[in-house]
Amino acid sequence: MEKTYITTAIPYVNGAPHVGHAMDYLLADVCARFFENSRFQAGTDEHGNKIFQKAKELNIPVQEYVDNNSKKFQDFIRRLGVEYTDFVRTTDPDHERRVQEIWKKLNDHIYLSKYEGWYCTGCERYVTEKEYEENHGVCPDHQKPYEKLEEENYYFRLSDFKDQIREAIESRKMTILPEFREKEILKLIEESPDVSISRPKSQLTWGVPVPGDESQVMYVWMDALSNYITVLGYPEKDISDSWPAYAQFVGKDILRFHAILWPAILLALRLELPRNIVSHGMVLSNGQKMSKSIGNVIDPIEVLDKHGTEAFRYFFLRHIDTFSDSDFTWEKFEDAYNNELANDLGNLIQRLATLCKKNNFELNGPVELSINHESNALMGQFRYKEAFDMIWEEVQAVNKKIDEDKPWVLAKEGDTKKLNEVLNNEVMDILTVAILLKPFLPETAKKIEKIFNSGKIEPPKEPLFPKNK
RNA sequence: CGUGGGGUAGAGCAGCCUGGUAGCUCGUUUGGCUCAUAACCAAAAGGUCGUUGGUUCAAAUCCAACCCCCACAACCA
């Protein structure tokens, strides 16, 4: 059976999970829950010098180091309430073997060439011409002058596919979202040079060996991008029940690799291009990019510990824009939690359940609602924040309706018929809200259904979202 | 002359493509209600829509120039 295949970028595991990683997972999770029959990939990127060095510093075997870190990400994803179906690790032998198979298939588009550039022996990396000029030829970290070095690299001939990629984007066979990023990519394609896809072993040991050349190791992108199909079992398995991916979620910082290099690889393999590449913005902290040196990094685990999964999902899906950069501050988070989750929704559940209980109102058996809400159109376009806003209007509308219906007055007047009628309407409304909330706040949706759609209506003993002082 | 985004009420944003009384959320003030987590509902105050010029009967919206902020520029989510 055909599945809606949804992917997330695989994070580089040289550190702990970052708030930014959460965006990928949450958006993909909303998408996966919105479509029922979906396949959902997640994973970790585990090769490269930085990881190798970090493990050496810590005096831990590299494999053990990446095992631990990969586990941290898996735990993190679970704590976000995100349910993936497939998890890929780039150090998995299956993945490594498959990447080598892929490399072989790309052979016609790969060539060996010299790379020349400024190199810092301290950092063990090349710097760009611009960086070289800015630092006046001396590495600021190591106080050493850059050296001119040259090495042999394998290159992938991107130019073989530029026209096809441009055509796919323009004809919307492959859609890049949001639109302004698509414009950016179309410009970038023109100036994209061929891509260096290997490093000499002397420089990079922790990686997948290039097949047929002992002296070279694959460079990250070739290794990492392939994960989306190696996890499906490519090339030995038929992946047509899942591929092409319906949506690939990535941060805007790595969009270029996903929108240019990755499609080129797919074309070279004669595979279809993904239908949608959705790029989200960055999460800022107090209006600035998070960075250790500024000391404004928000630890997602801390947010989860303090407020739980549902509140986390709520804030990041509604108050962090789906496509643009948005700001996280604790103040904003607390405001949203108290005003919206606690007051609007939490209190609504409490007051309506209490009204039902006090007036002995019950539904006649569980109700099946089929809903065609206008937010669905937005969901289909990946405009999750806007869809969520629209759903919240429904929450507020129920509060308003209760105020207008004044069930407590009807109860005093003894108008039982009218009372039951309005309570029934209101319960239907909140059950509708529950269904709409499912992709965003699955646990909350479940709780609402349990309270209102399983016979006797009882207000929860503990408020769903206790207010914080 | 790198590329892209942005500059709209105290804060955060929508509106701009398809010109025609400037809108939403939070905050503030006032009123209502009492079912509810001192929650809910309503109303009010608050804006020369970055600057200058142009097109038009009419511009936040189209055009031009300029100023300011931010991101990206092969691996710092």
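Not measured: the values here are computed from a predicted model. Here is the naming used below: chain letters follow the sequence lines, and residue numbers restart at 1 for every chain.
- Set against B/C41, B/C33, B/A36, the side chain of A/W408 has B/C33 as its closest nucleotide.
- Here the C1' atom of nucleotide B/A77 and the CD1 atom of A/I320 are 13 Å apart, to the nearest Å.
- Base pairing annotation: B/A38 forms no Watson-Crick or G-U wobble pair, as no partner gives both donor-acceptor distances under 3.5 Å.
- Between the CE atom of A/M222 and the C1' atom of B/A74 there is a distance of 13 Å, rounded to whole Å.
- Salt bridge annotation for A/K71-A/D75: present, with a cationic side-chain nitrogen under 4.0 angstrom from a carboxylate oxygen.
- Pairing partner, B/C62: B/G54, with both Watson-Crick or wobble hydrogen-bond distances short of 3.5 Å.
- Shown are A/D24, A/D325, A/D321; of these, the salt bridge (Lys or Arg N to Asp or Glu O under 4.0 Å) with A/K252 is made only by A/D325.
- As judged by a 4.0 angstrom heavy-atom cut-off over every strand, A/R199 is placed among the base-contacting residues.
- Residue A/P407 is classed as having no contact, given no heavy-atom separation below 4.0 Å to the nucleic acid.
- Among the heavy atoms of the strands, none lies under 4.0 Å from A/G251.
- The 5' end of RNA chain B is approached more closely, in terms of each residue's nearest nucleotide, by A/R351 than by the other of A/R351 and A/F257.
- A/L341 and A/L441 get closest at one heavy-atom pair: CD2-CD1, 4.3 Å.
- Atom C1' of B/A65 sits at a distance of 40 Å from the matching atom of B/U28, rounded to the whole Å.
- With both ends at atom P, the span from B/C16 to B/A60 equals 14 Å, rounded to whole Å.
- Distance check on atom C1': B/G27 versus B/G10 gives 8 Å, rounded to whole Å.
- In this structure, CZ of A/R318 is placed 8 Å from C1' of B/U25, rounded to the nearest angstrom.
- Atom CD of A/E413 is separated from atom P of B/C35 by 14 Å (rounded to the nearest Å).
- Among the protein residues, A/K358 comes within range of the sugar-phosphate backbone only, with heavy atoms under 4.0 Å from sugar or phosphate atoms but none that close to a base.
- Contacts of A/V283 with the nucleic acid, taken as non-hydrogen atoms under 4.0 Å apart, include base atoms.
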Atom pairs under 3.5 Å, N or O on each side, protein against nucleotides 4-8 of chain B: can you list them with distances?
from: B/G4; atom 1: OP1; to: A/K187; atom 2: NZ; distance (Å): 2.8
from: B/G4; atom 1: O2'; to: A/E184; atom 2: OE1; distance (Å): 3.1
from: B/G5; atom 1: OP1; to: A/K183; atom 2: NZ; distance (Å): 2.9

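- Here B/G2 sits opposite B/C72 as a Watson-Crick or G-U wobble pair (both hydrogen-bonding atom distances under 3.5 Å).
- A gap of 15 Å separates the P atoms of B/C63 and B/G20, to the nearest Å.
- Atom CG in A/N338 sits roughly 14 Å away from atom C1' in B/G27 (whole-Å rounding).
- Between A/F312 and A/F316, the distance separating the two ring centers is shorter than 6.0 angstrom.
- Ring pair A/Y12/A/H21: centre-to-centre distance not below 6.0 Å.
- Between B/G2 and B/G12, the two C1' atoms lie 31 Å apart (nearest whole Å).
- Comparing B/C13 with B/G19, their C1' atoms sit 22 Å apart, to the nearest whole Å.
- Comparing the P positions of B/A22 and B/C68 gives an interatomic distance of 31 Å, to the nearest angstrom.
- Between A/Y84 and A/F87, the gap from one ring centroid to the other is short of 6.0 Å.
- Side chain A/N343 to base B/A39: no donor-acceptor pair is found below 3.5 Å.
- For A/K289, taking side-chain heavy atoms from C-beta onward, the closest of the listed nucleotides B/A39, B/C72, B/A74 is B/C72.
- We find the CG-CD1 distance between A/L378 and A/I391 to be 9.0 Å, quoted to the nearest 0.5 Å.
- Looking at heavy-atom distances under 4.0 Å, A/F465 makes contact with a base.
- Taking the six-membered ring wherever Trp is involved, the centroid distance between the rings of A/H307 and A/F315 does not fall below 6.0 Å.
- Of the charged side-chain nitrogens involved, at least one lies within less than 4.0 Å of a carboxylate oxygen, so that A/R351 and A/D403 count as a salt-bridged pair.
- Distance from the side chain of A/H21 is smallest for B/A77 among the nucleotides B/A77, B/A71, B/G32.
- Comparing B/G23 with B/A14, their C1' atoms sit 7 Å apart, to the nearest whole Å.
- Comparing B/A36, B/C41, B/U37 against the side chain of A/K467 picks out B/U37 as the nearest.
- A 3.5 Å limit on both hydrogen-bonding distances identifies B/C13 as the Watson-Crick or G-U partner of B/G23.
- Following rounding to the nearest Å, A/Y337 (OH) and B/C26 (C1') show an atom-to-atom distance of 18 Å.
- Taking the six-membered ring for Trp and the full ring otherwise, A/H319 and A/F333 have centroids separated by 6.0 Å or more.
- Comparing B/C35, B/C41, B/A77 by their nearest atom to the side chain of A/I402 picks out B/C35.
- Nucleic acid contact class of A/D45 (heavy atoms, under 4.0 Å, all strands): none.
- The separation between A/H280 atom NE2 and B/C72 atom C1' is 15 Å, rounded to whole Å.
- Among the protein residues, A/D389 comes within range of no part of the nucleic acid, since none of its heavy atoms lies under 4.0 Å from any strand.
- Residue whose closest nucleotide on RNA chain B sits further toward the 5' end, between A/R256 and A/E404: A/E404.
- Using Watson-Crick or G-U wobble geometry with both donor-acceptor distances under 3.5 Å, B/G46 finds no partner in any strand shown.
- No engagement by A/P459 is indicated, since no non-hydrogen atom pair under 4.0 Å with the nucleic acid exists.
- Among the nucleotides B/C41, B/A77, B/U37, the one closest to any side-chain atom of A/K400 is B/C41.
- Nucleotide B/A39 holds its C1' atom 14 Å from the CD atom of A/E340, rounded to whole Å.
- Taking the six-membered ring for Trp, A/Y337 and A/Y314 have ring centres at least 6.0 Å apart.
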